[in-house]
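Everything on this sheet refers to the single structure shown next.
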Amino acid sequence: MRYSKSFIPTLREDPAEARKNPSHRLLLRGGYIRQVGAGIYEFLPLGLKVLRKVEGIVRDEMDRAGAQEVMLPALVPAELFKETGRWDLFGSTLFRLKDQKRNDYHLGPTHEEVITDLVRGVVRSYRQLPVNLYQIQWKYRDEARPRAGLLRCREFLMKDAYSFDATEEGALASYRTMRAAYDRIFQRVGVKYRVVAADSGAMGGNTSAEFQILAETGEDAIVVCSACDYAANVEAAVAQRSLSAVAATVSGKRESDIATPNKKTIEEVAEFLKVPSTQTVKAGVYLFGQAAGSVPRMAVVFVRGDRRINEVALSRELTATWLRPAEDEELSAAGLQAGYIGPRDLPAGVEKVLVDREIAEATEMVVGANKSGFHRQHAAMADALGALGERANIADIRAVGSGDLCPQCGAALLEYKGIEGGHIFVLGTHYTGKMGAKFLDESGTEKLIVMGCYGIGVSRLVAATAEQCHNGDGLTWPMSIAPYQVMLSALVTTPEAVAAADGLYEALTALGVEVLFDDRDERPGVKFKDADLLGIPLRVTLGKKSLEQGKVELKARTSKDVELIDIATAAEEIAARVKAALG
RNA sequence: CGGGGCGUAGCGCAGUCUGGUAGCGCACCUGGUUCGGGACCAGGGAGUCGGAGGUUCAAAUCCUCUCGCCCCGACCA
């Protein structure tokens, strides 16, 4: 492509709306994308090229893994989501619309129902299984707050695959095949990533993993073991009980009330009673429900004073479909005193009590006394638990972070930020059960198909890669997804130089190299700045001095070194470099 | 959805408090000089001041409503 004929509107200054986010800023400045509305973007020629390359890698590996491409509609009749309850469950995130006959539709945020509907209409026998179908298609989610450019959009390109197996074991095999394909995809794209254990959320099912792309600006927190292969999203992470969590020496003193007037926070109480916060117990009060719009139920949870509560883990323990912290008025209405909530004498309105495993056997703890102005000291959690009877349970509900100990090997866990690039699940019969997707097995028995689903945010992956691949001057694309492989800059405009540049451009193109040929009548500085901003991996420069020696300059975008190579053999040499970089 | 901020030329911004001819830089067009890291000089084109209503002799500026976008949080199969 000749730059002079191209549509690459680079910006000299940072767009005001994108200063916070490197990938967003550089994709806008480099003329890759433009914003149309909140969470809605246009892909310009360069951006589309990158998107198509990621898509190509994904398609290639999906096909290689035995999945078959289909295209499902983005516009979906409401009946399918109504069948599984997600028409209500999805809430405001679902883009809903009506046709001229006033029938309900939505724009697909994900396609489990549509694909299950397709498969149940076709599959009758175990002989037709397994089958794995995928599509690469635009998804629509009315995010409450779209942000960070392509990283969190309302319209985004996603690859979603769905496997259908006759048995659990088969489903697990499909899952493993997809996991291996995902590894190849992320490696080929060229990003640093970690596969982490994930929460399965409201999708149902129990086995899932996320492919997290490491980036400072990531919205997800993950913990990774410093010694073994344990890695998990903090939502799903568990940790060994640390040494400091084991109770202080037993004093032999009896549990008793102590006045703590106006001391409500952990810090205030710990300071007032001269105990470390690790010897206090923090209470959290939640309202939750097990169906959309169900009557709220109340749960009280206890973690060590210095810990945070993992609400995702909590939600999982309560098998809740929704959950939120209780408001102050709701606390008082239930007979609870904010700041003084403890495990003793909890009102009957509290249906569930969860005690974090870390403190389940702790003694010598300071807990709330459930009366205003008082805490209890020398408390043994096991005794309190016993007194609570049926409604109390022990569970892993504390948030895990840096410094916690690996549940597998006990080494220190490290915390990182990540961008969720892919997520794979074994769904089991969650959808096939609700939608009656059945088959006859070898014995003629009717069984539910066992399902798995596998997503990759294709447009998000473009931005996530940019998030990792940039420096102070601009983007630094990996060869595998760069919009062009080579940036050819002609610095001089004499007829001989133009002819030489033209010749090299034609020769490279003939060798199958993707070249952006900067033939513009611009000063060198402008061309260098734009080349760095666009981030094309190899730069070939035709300057006056080197041309006189019959040489051209070759430089990698990520390197400072410049090589001089013979113009006569330049095309072959450069093509070889490109091929080598692609692996 | 709660909190905060911002909408003025393609981009970045000033002007708003204190009402009185719509400005600056970059980009763009023309001419000239330049030409290895975002050149210089001269001339020029380009704006319903987000929208609607109101106050006023007069509104980018004051008032009311409204739309949009960004940031923090909640949310995020």
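When reading the values below, keep in mind they use all heavy atoms of this one structure, side chains included, and skip hydrogens, waters and symmetry mates. Here is how names work: the chains are called A, B, and so on, in the same order as the sequence lines, proteins then strands, and each is numbered from 1.
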Can you tell me the distance, in whole Å, between the [atom1] atom of [X] and the [atom2] atom of [N]?
| X | N | atom1 | atom2 | result |
| --- | --- | --- | --- | --- |
| D518(A) | G37(B) | CG | P | 15 Å |
| R19(A) | G12(B) | CZ | C1' | 7 Å |
| R557(A) | G37(B) | CZ | P | 17 Å |
| E522(A) | C28(B) | CD | C1' | 12 Å |
| L491(A) | A39(B) | CG | P | 13 Å |
| E17(A) | C72(B) | CD | P | 14 Å |
| R145(A) | A74(B) | CZ | C1' | 10 Å |
| K20(A) | G4(B) | NZ | P | 17 Å |

Partner lookup for [N], please. Criteria are Watson-Crick or G-U wobble with both distances under 3.5 angstrom; report none if nothing qualifies.
| N | result |
| --- | --- |
| G31(B) | C41(B) |
| A46(B) | none |
| U56(B) | none |
| C26(B) | G10(B) |
| G73(B) | C1(B) |

Sugar-phosphate, base or nothing in reach of [X], heavy atoms under 4.0 Å:
| X | answer |
| --- | --- |
| G37(A) | sugar-phosphate |
| D532(A) | base |
| E420(A) | nothing |
| P15(A) | sugar-phosphate |
| K527(A) | nothing |
| R539(A) | base |
| A16(A) | sugar-phosphate |
| E13(A) | base |

Task: Y41(A) and H24(A) aromatic ring geometry - parallel, tilted or perpendicular at 30°/60° bounds - done: perpendicular
- [ ] Assign the ring pair H423(A) / F425(A) to parallel, tilted or perpendicular, where the plane angle (0 to 90°) is split at 30° and 60°.
- [x] parallel
Using atom [atom1] of each nucleotide, how far apart are [N] and [M] to the nearest Å?
| N | M | atom1 | result |
| --- | --- | --- | --- |
| C67(B) | U21(B) | C1' | 30 Å |
| A60(B) | A22(B) | P | 8 Å |
| G25(B) | C35(B) | C1' | 23 Å |
| G47(B) | C65(B) | P | 32 Å |
| A14(B) | C24(B) | C1' | 7 Å |
| G19(B) | C72(B) | P | 37 Å |
| C28(B) | G23(B) | P | 23 Å |
| U56(B) | G20(B) | C1' | 12 Å |

Answer yes or no: is there a donor N or O on one side and an acceptor on the other, between the side chain of [X] and the main chain of [Y], under 3.5 Å?
| X | Y | result |
| --- | --- | --- |
| Y431(A) | G436(A) | no |
| T465(A) | L461(A) | yes |
| K527(A) | R520(A) | yes |

Task: 5' precedence on RNA chain B between G149(A) and P325(A) (nearest-nucleotide basis) - done: G149(A)
Task: Upstream residue (5' side of RNA chain B) when R523(A) and E143(A) are each assigned their closest nucleotide - done: R523(A)
Open item on the list: Does R29(A) contact G38(B) through a side-chain donor or acceptor facing the base, at a distance under 3.5 Å?
Closed with: yes
Task: Lys NZ or Arg CZ of R2(A) over F517(A) ring: under 6.0 Å, within 45° - done: no
- [ ] Using only side-chain N and O atoms of R12(A), determine if any of them is under 4.0 Å from OP1 or OP2 of G38(B).
- [x] no
- [ ] Would you list the pairs meeting side-chain hydrogen bond (donor to acceptor under 3.5 Å, both in side chains) in which at least one residue belongs to residues 212-221 of chain A, sequence neighbours left out?
- [x] R147(A)-E219(A), R152(A)-E219(A), E210(A)-Q212(A), Q212(A)-D220(A), T217(A)-E467(A)
Open item on the list: Side chain of P524(A) only, heavy atoms from C-beta on: which candidate in C35(B), G38(B), C70(B) is closest?
Closed with: C35(B)
